[in-house]
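Below is one structure; the comments refer to it alone.
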Protein chains: 2
Amino acid sequence: MSPRPKVGLDIKEILEAAAELADQFGMQEVTLANLAKKLGIRPPSLYNHFDGLGGLRKKMAIYGIERLYEVIAKAAIGVAGDEAVLTISKAYVNFAREHPGIYESTLMAPDLEDEEVQLAGSKIVELTVRILQAYSLEGDTAIHAVRGLRSILHGFSSLERSGGFKMALDLNESLEIIIKAFIQGIQES
Amino acid sequence: MSPRPKVGLDIKEILEAAAELADQFGMQEVTLANLAKKLGIRPPSLYNHFDGLGGLRKKMAIYGIERLYEVIAKAAIGVAGDEAVLTISKAYVNFAREHPGIYESTLMAPDLEDEEVQLAGSKIVELTVRILQAYSLEGDTAIHAVRGLRSILHGFSSLERSGGFKMALDLNESLEIIIKAFIQGIQES
DNA sequence: TTATTTTAACTAATGATATTAGTTTTATCA
DNA sequence: TGATAAAACTAATATCATTAGTTAAAATAA
C-alpha cells in the first residue's frame, strides 16, 4: 500500500522548490513549467502531486502560513504584554522581508476563504488573541484589536515590499512607534 | 497631425472597460483577449494604445490610484482633526469595497516603484500629511503616523477583501475603533 | 521468489495566451 | 487631391496549463 517510483518526489520537496522560486523571482514566475524544470521532471508529472496550478497555489499558501506561524510562535516564547506584541510584530515583518515570495504566496490561493487555508490562518489569530489577553480588553474590543494588529502588520509588510514607503526614515522605528501607539490607544477605548 | 481611425478608441475608454472587467471578474480575468472582446477589436490592436499586458497593468494602477485619490480628496472637504481622519478612512475602505478590481489593480503594476506610479501615490500621501498637521506631531512622528495610517487602511481593505476577518462582528465598527485608537496613541508618543 | 497493484513518471496533443511582423484602412492635413 | 499618421487588421510563433493515455518502478501479496 505504499510503493515508490523512480524519482520519488514528495510534496514537501516540491513546496520547498516552489518557495525558492517564489522568493527568488516572485510568484508570477512560479509556473508549472519552471517548477518542473527545477525539479527535473516534466510539467504533467506535477499533476500526480497536486491539482494543477490552483492546487499548487493553495498548498503554497497553507505551507507559507504555517511557516509564518512557526516563526511568530517561536518569537512569542517567554515574553508578555507590550514586549510580546512588539516581538511578534517584528518577527512577522521580518518573515515577510526574508521570504517575500512565500509571504506573497499566502495571499495567492485561488480561494482564500477555503477551509484549509482559513484553518492555517486561524492559528495565528488565536496566538494573537492569547497575547492580547494580557490587556484584559472589554467585550468585543479584543476582536477589534486583533483585526487592527493584523491590518497593521499585513499593510506594513505589503507596502514595504511594494516600495510604498519612500521617505528616508528607518522602517523598524516606524513599526515600533506604530505598534506602540496602537496598543496604547486600544487600551483607552 | 491628428488623424482618426475607424473605431477610434481612446485610452480612457479602454481603461474604463478594463476596470469594469476587473471589478466584475477580478484582475486575473483582465487579459488582452477578454479586453479586446469587450471592446470589439482584436488583441493585437491593443498594442497601439499601451505596451502589452505590463503596460496595461501600469496604466490601470495609475488610473486606480487617481480614482482613489479623488474619492478621498472629496471626503476630506470641510472636515478636520479626528473627523477628517475617520472620514477619509471610511472613504478609502469603501472604495476598496465598491471597486475591488480597481483597488486590486493599484497593486498589480509590473513595477510599483515606477516613477509615474509613485507620483500618483504621493498625492494621497501628501493629502494625509496635510490632514495630520492638525495634530502638530513632533519631528518624524508625522511620517511614522502616515505610514501607520496607510498600513492600517491598506491592510484592513486587503484582509477584508480576502475574507481574512471571519468573526461575526461589524467591520465598520472595527475600522472606527482601530483608527480612533491609533490617532489617540500616536499623540501620546 | 513471483505476481499484482499502486504510484509517479512519461509522451503526445489541445486550447488559450501574449506577442511580433507586416498589411490595410481611415481620417486628417498640406 | 494626395500624403501622412493613427489604429485597426491577419498571420504566425512561443509559452502556458491541461488532458488523455502509457510506461516503468517499487512495494505488497501470494
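Naming: A, B, ... by sequence-line order, numbering from 1 per chain.
As rounded to whole Å, 12 Å separates atom C1' of D:dC9 from atom CG of B:L46. Whole-Å rounding puts the B:L9 CG to C:dA27 P distance at 14 Å. In this structure, B:D10 atom CG and C:dA27 atom P are separated by 16 Å, rounded to whole Å. For B:L32 and D:dC16, the CG to P distance is 17 Å, given to the nearest whole Å. Per the geometry, CG belonging to B:D51 stands 15 Å off P belonging to D:dA7, to the nearest Å. Rounded to an integer number of Å, the gap from B:R57 CZ to C:dT19 C1' is 14 Å. Put simply, CD on A:Q28 is 12 Å from P on D:dC16, counting in whole angstrom units. The distance between atom CZ of B:F50 and atom C1' of D:dA6, rounded to the nearest whole Å, is 16 Å.
Between A:Y47 and D:dT18, a side-chain N or O to OP1/OP2 separation shorter than 4.0 Å is present. Contact annotation: A:H49 does not reach the phosphate of C:dT7 (side-chain N/O to OP1 or OP2, under 4.0 Å).
Of the candidates D:dA17, C:dT19, C:dT11, the closest approach to any side-chain atom of A:R42 belongs to C:dT11. The side chain of A:T31 sits closest to D:dA17 out of C:dT17, D:dA17, D:dA8. The side chain of A:S45 lies closest to C:dA9, out of C:dT19, D:dC9, C:dA9. In the set C:dT19, D:dT18, D:dC16, the nucleotide with an atom closest to the side chain of A:A33 is D:dC16. With D:dA8, C:dA9, D:dT18 as the choices, the nucleotide that has an atom nearest any side-chain atom of A:I41 turns out to be C:dA9.
Between A:E66 and A:K123 there is no salt bridge, since no side-chain nitrogen of the basic residue lies less than 4.0 Å from a carboxylate oxygen of the acidic one. Salt bridge present: A:D114 and A:K58 bring a charged side-chain N and a carboxylate O closer than 4.0 Å.
The base of D:dA8 lies close enough to the side chain of B:N48 for a donor and an acceptor atom to sit less than 3.5 Å apart.
Between A:F156 and A:Y92, the distance from one ring center to the other does not fall under 6.0 angstrom. Under the 6.0 Å cut-off for aromatic ring centres, A:F95 and A:H99 qualify, their centroids lying closer than that.
Two residues, A:P44 and A:N34, neighbour DNA chain D, and the one matched to the more 5' nucleotide by heavy-atom proximity is A:N34.
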Quiz prompt | Verdict with reasoning, B:E176 to B:K90, per salt bridge (charged side-chain N to carboxylate O under 4.0 Å, His left out) | solution = CA-CA 8 Å; B:E176 190 158 335; B:K90 288 175 182 170; 3.5 Å; yes

